[in-house]
Structures are given as C-alpha cells and as structure tokens.
2 protein chains.
Amino acid sequence: MNRVLVVDDEPQIVRALVINLKARKYEVDAAADGATALRLAAARHPDVIVLDLGLPDMDGVEVIKGLRGWTRVPILVLSARQTSDEKVEALDAGADDYVTKPFGMDELLARLRAAVRRAEPAGQPDDSVVVETDAFTVDLAAKKAHRDGRDVRLTPTEWHLLEVLVRNAGRLVSQKQLLQEVWGPSYGTESNYLRVYMAQLRRKLEADPSHPRHFVTEPGMGYRFER
Amino acid sequence: MNRVLVVDDEPQIVRALVINLKARKYEVDAAADGATALRLAAARHPDVIVLDLGLPDMDGVEVIKGLRGWTRVPILVLSARQTSDEKVEALDAGADDYVTKPFGMDELLARLRAAVRRAEPAGQPDDSVVVETDAFTVDLAAKKAHRDGRDVRLTPTEWHLLEVLVRNAGRLVSQKQLLQEVWGPSYGTESNYLRVYMAQLRRKLEADPSHPRHFVTEPGMGYRFER
DNA sequence: CGCCGTCTTGACGCGCCTTTGACACCCGGC
DNA sequence: GCCGGGTGTCAAAGGCGCGTCAAGACGGCG
C-alpha cells in the first residue's frame, strides 16, 4: 500500500484528493502549509508527494528544495499558475511533474501512478531486501527483524535508522546524514538522539550489545553497519 | 552528454525539437514512425524518448508498451489529444509524462530535464572511490582503509588529512593548504600538527613507517601522496 | 478522559582523540 | 666541527564525544 502526502491550503481540494486517494487504497497524510509538509515528509516517508505551490507560510519552490536536500521521493506539483516560468522553476528545483488547476482527477491519479511506478526499484536479481548477519536477519520489505528464531519488535524510529544503515551496508554514514534522513532536514547536530537509538538497536539486535560487531561507531564521524 | 530520441511524424516539430535540443548539447536521434522508433531505441539506447502519439504506422500506446517490454527509459509523450482518457491510457501504459500540443519549448525542456534527472542512478550508493597502493587501499566514499587484509581505523582528523592528500595524489600540497583544509582557515603555521598526524598516517598505513614511500615529505614545502 | 507506548531530554562517567611540549635527529651553512 | 631550522617521535594532559540510564513529554487509541 502506497502512502501519499497531500499539501494544499485549500480544504476542499485536500478533501477531494483525500477521498479519491483513500478510495484507491492509498494511505494519505495531509498538510496545509510548508512547514507541516516538511515535517510530515520526514516523519511519515510518503511514497509520493502532491504539492500545491501556493502555500501560506513559504514559497512552494522552497518546499521542493527542502525536500530534495535529503530525499528523492517523487513530487507532483499542483498549481493554479500556468506560466511557463513557474513550471520550469518548479521542475528544475526538483519536482517530477506539474499539473495546473483545475485538473482532472483521472489525469492526476494517472500521473501519480506513473510517478510511483518509476520510483520503484528496478527489479534487479539478487539484490535481496533481506540482510543476514550471524546474529540476526532484517527484511526491509516486510519490515521484519529476526533474531534467534524470534521476531524482534522495533519502533518506527528504530526501523528508520536501521533502514538507512542497512541500505548503506559497509559504508560509513555520517551523523548528519543519519539525523537528516531519519529525523528530517532541520536536524543535524542532535547526536544524542543517535546515541539513544543506536543503543536500542544494539540491545535488540546485537548478540553482545556492549561489544557491537555489526553496528560500529566511528568516533566523531558516524556509524557503519557491517554485515 | 545525454542522448534523446525524438519520435514525431511532423517534420517541422522534429526540426524545432532537434534544433533546440542540439543547442543544449543533447545528442539527438529522430524517427518519423513507430517501427523506426523502436529500432532506434534498441540500437542507440537513448537516455530519454520524446514520443508523439499520432504516428502513421502504429498506435502510440503500442510503441510505449513495446518499449516497456525491455527498458525503463523515460518516455515523454507529446500529443495533440487533450482528453483525459488519452492521458490516462498513455501514462498507465508506461509513459513518464504527457505534454499536449501546442507546447512551450521551455516547459518541454524542463520536463525533459526532470525525466533525465530522476532516471540517474540513485545518488551515491556503490560509487566507490577506491585508491590502491601496494601497501594499502583507501575507499574515500565508504571511509574505509584496508591494509594486509585488515581494516585500519582512522580518527576524523586522520581521515581529513588523508582525504586532502589523496585527492591531490601525485601533487605537492603545501603545509599551509593542508592546515587550512583540515584545521580551518585560521590555521596556517602550526606545522607541528602536521608532523604528528603524518606520523600517525604513516604508522597506520605505510609498510615501513620510518621509510615512507607513499606519504612523502618535501622539506620546507609540504607533503605529497604518491600512489 | 486516561492509558500506554514512543520519543525527547538531561545527567553522568568513561575512554579516546586532540593538543601540546619536550627531545632526538638529519642536513646544510658557517 | 659547531650551529640552527625543519622534521620525526613520544607521552602526558585536557576536553569532548560516546554509551548508558531514567524521567518527563508527547501522541494515538480506546
């Protein structure tokens, strides 16, 4: 099931979109301004964002840039402005598509499907989403972690952190990058969050949490997941 | 340089597109019918396809399906038909974007850039910058150093220094430049720092630290990394 | 409205990294 | 042969980042 973030300050537009999307089995979050949009994008990690450019608190293009600083999630811009310049600016800022109001719901949904479809990973053989270590296994797609034959329960934040680390297996991930990918673009220095949650992951997944072998600290730089 | 395949049966449209695209340093191929389009797509492997739906020999949607059978290359549909049904059909067949004629060249080019951009390989993953010497290997992206089959742990300052030297491999780097790049612009004369940390790097990476072969001192000037 | 799980925040001790000073060494010039 | 600038080496001190714990704030759900 795909998650959509709808950003628009006109309630009736939001309502129409939410109804249509939910009817098609999307999970929907909604935001009425740019700040909320950025926060929700970070917190909920939608598969696609529908973004109205005319927001009360900030320029829509700034929202696009704010998102593009840390994510490649498809952004479908919705706007009443029809001029070519607006479109070019939004697209070059990182938007994936641009639909002018009034729009046909069928077309919007088709463009949404197209955006989601091409964002899906190219089905490459043998890049399994299941990662195994000698102590535990993680299935990113199924959102399941296993250890000693038992399921391990992880909170959303723990999952998110784990996911970023596992996707970069073997590579160092800087503290700043972790913070921005998990907590959102406005974070970057709150390294105490990382310490708390790395401890959680280690406690839940490492065989010997006080001597981690898979979640390695690189002092002063970041963390690394080693298979 | 990106390669574009333009598919349209109207010569003046093709001409306009080709001129504009070539002026922006794209390599351009052109096809006037669906069969030629499919052949050229296979032969030339364009980075993006601009496809008119109204072709003389076959339905545009069939061309899309024919392409999608074997490639995920971005397809930007160009069409005179404005109905919602047409758009939905084309998008669901696998098109990435749909622009109706008459179209603004600026907008089309922006949409083209967006299509090419998102098709680019996702960010960093697996683009490792590995430097090898006979004694050790350094992976700048993963922040990993290897020697005698074992990982070598480096502190942040050591990494930073190593990075500057490796990025300037073979070239002399002045003491002042090293100090300013690693310790900040307000440093420039604290050459004792360099001596301490160069010793660290040599001890951790050189086969014979007292006779360095890769981290060479140029007395009175600076240091040089030799592969 | 109250409960429960999750996230945030602060405090504390420890260990490692950085900084700093002292000293030996090499090499050219006097 | 002596001297001095630049360099390599070592070790101690200080500070900062990390792991850990726990309490409080927050938010979703019944």
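All heavy atoms count here, side chains included; hydrogens, waters and symmetry mates do not. Just so we're on the same page: letters track the sequence lines, and every chain starts at 1.
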Listing, residues 60-69 of chain A side-chain donor-acceptor contacts under 3.5 Å, not counting sequence neighbours, or none:
from    : atom 1 : to      : atom 2 : distance (Å)
A/Arg68 : NE     : A/Gly94 : O      : 2.9
A/Arg68 : NH1    : A/Thr71 : O      : 3.1
A/Arg68 : NH1    : A/Val73 : O      : 2.9
A/Arg68 : NH2    : A/Val73 : O      : 2.9
A/Arg68 : NH2    : A/Gly94 : O      : 2.9
A/Arg68 : NH2    : A/Asp96 : OD1    : 2.8

Just how far, in rounded Å, is P of D/dC18 from CZ of A/Phe215?
17 Å
Without decimals, in angstroms, what is the distance between A/Leu194 CG and D/dT20 P?
14 Å
Rounded to the nearest Å, what distance is computed from the NE2 atom of residue A/His211 to the P atom of nucleotide D/dC18?
18 Å
State, to the nearest 10°, the angle formed by the axis through the first five base pairs of the helix from C/dC1-D/dG30 to C/dC30-D/dG1 and the axis through its last five.
30°
Atom CZ of B/Arg203 and atom C1' of D/dT7: how far apart are they, to the nearest Å?
16 Å
Working to the nearest 0.5 Å, report the span between CG of B/Leu205 and CZ of B/Phe136.
5.0 Å
Quick one: ring-ring contact (aromatic ring centres under 6.0 Å, His included) partners of B/His160, sequence neighbours excluded?
none
For B/Met198 and D/dC10, what is the distance between atoms CE and C1' respectively, to the nearest whole Å?
18 Å
Value rounded to 0.5 Å, distance of CD in A/Glu89 from CG in B/Asp106:
13.0 Å
Sequence neighbours excluded and cut-off under 3.5 Å, please list the side-chain donor-acceptor pairs for residues 217-227 of chain B, or say none.
from     : atom 1 : to       : atom 2 : distance (Å)
B/Thr217 : OG1    : B/Arg202 : NH2    : 2.7
B/Glu218 : OE2    : B/Arg224 : NE     : 3.0
B/Glu218 : OE2    : B/Arg224 : NH2    : 2.8
B/Arg224 : NH1    : B/Gly170 : O      : 2.9

Report yes if at least one side-chain N or O of B/Thr217 is closer than 4.0 Å to OP1 or OP2 of D/dG8; otherwise report no.
yes
Can a salt bridge be assigned to the pair A/Arg167 and A/Glu181 using a cut-off of 4.0 Å between side-chain N and carboxylate O?
yes
Report which part of the nucleic acid B/Gln175 touches: base, sugar-phosphate, or nothing (heavy-atom distance under 4.0 Å, all strands).
sugar-phosphate
Go through the steps for A/Glu158 and A/Arg153 under the test salt bridge (charged side-chain N to carboxylate O under 4.0 Å, His left out), then give the verdict.
CA-CA 9 Å; A/Glu158 287 162 8; A/Arg153 259 188 53 76; over 6 Å; no
Distance, rounded to the nearest Å, where A/Leu201 contributes CG and D/dC18 contributes P
16 Å
For nucleotides 7-18 of chain C, read 5' to 3', which letter fits each nucleotide if B means a protein heavy atom sits under 4.0 Å from the base, S means only the sugar-phosphate is that close, and - means neither?
BBB-------SB
For atom NZ of A/Lys101, is the number of surrounding heavy atoms from other residues, nucleotides or ligands below 6.0 Å larger than 12?
yes
Less than 3.5 Å apart, which donor and acceptor atoms pair up between the side chains of residues 184-195 of chain A and the rest of the protein, not counting sequence neighbours?
from     : atom 1 : to       : atom 2 : distance (Å)
A/Glu190 : OE1    : A/Gly188 : N      : 3.1
A/Ser191 : OG     : A/Arg195 : NH1    : 3.4

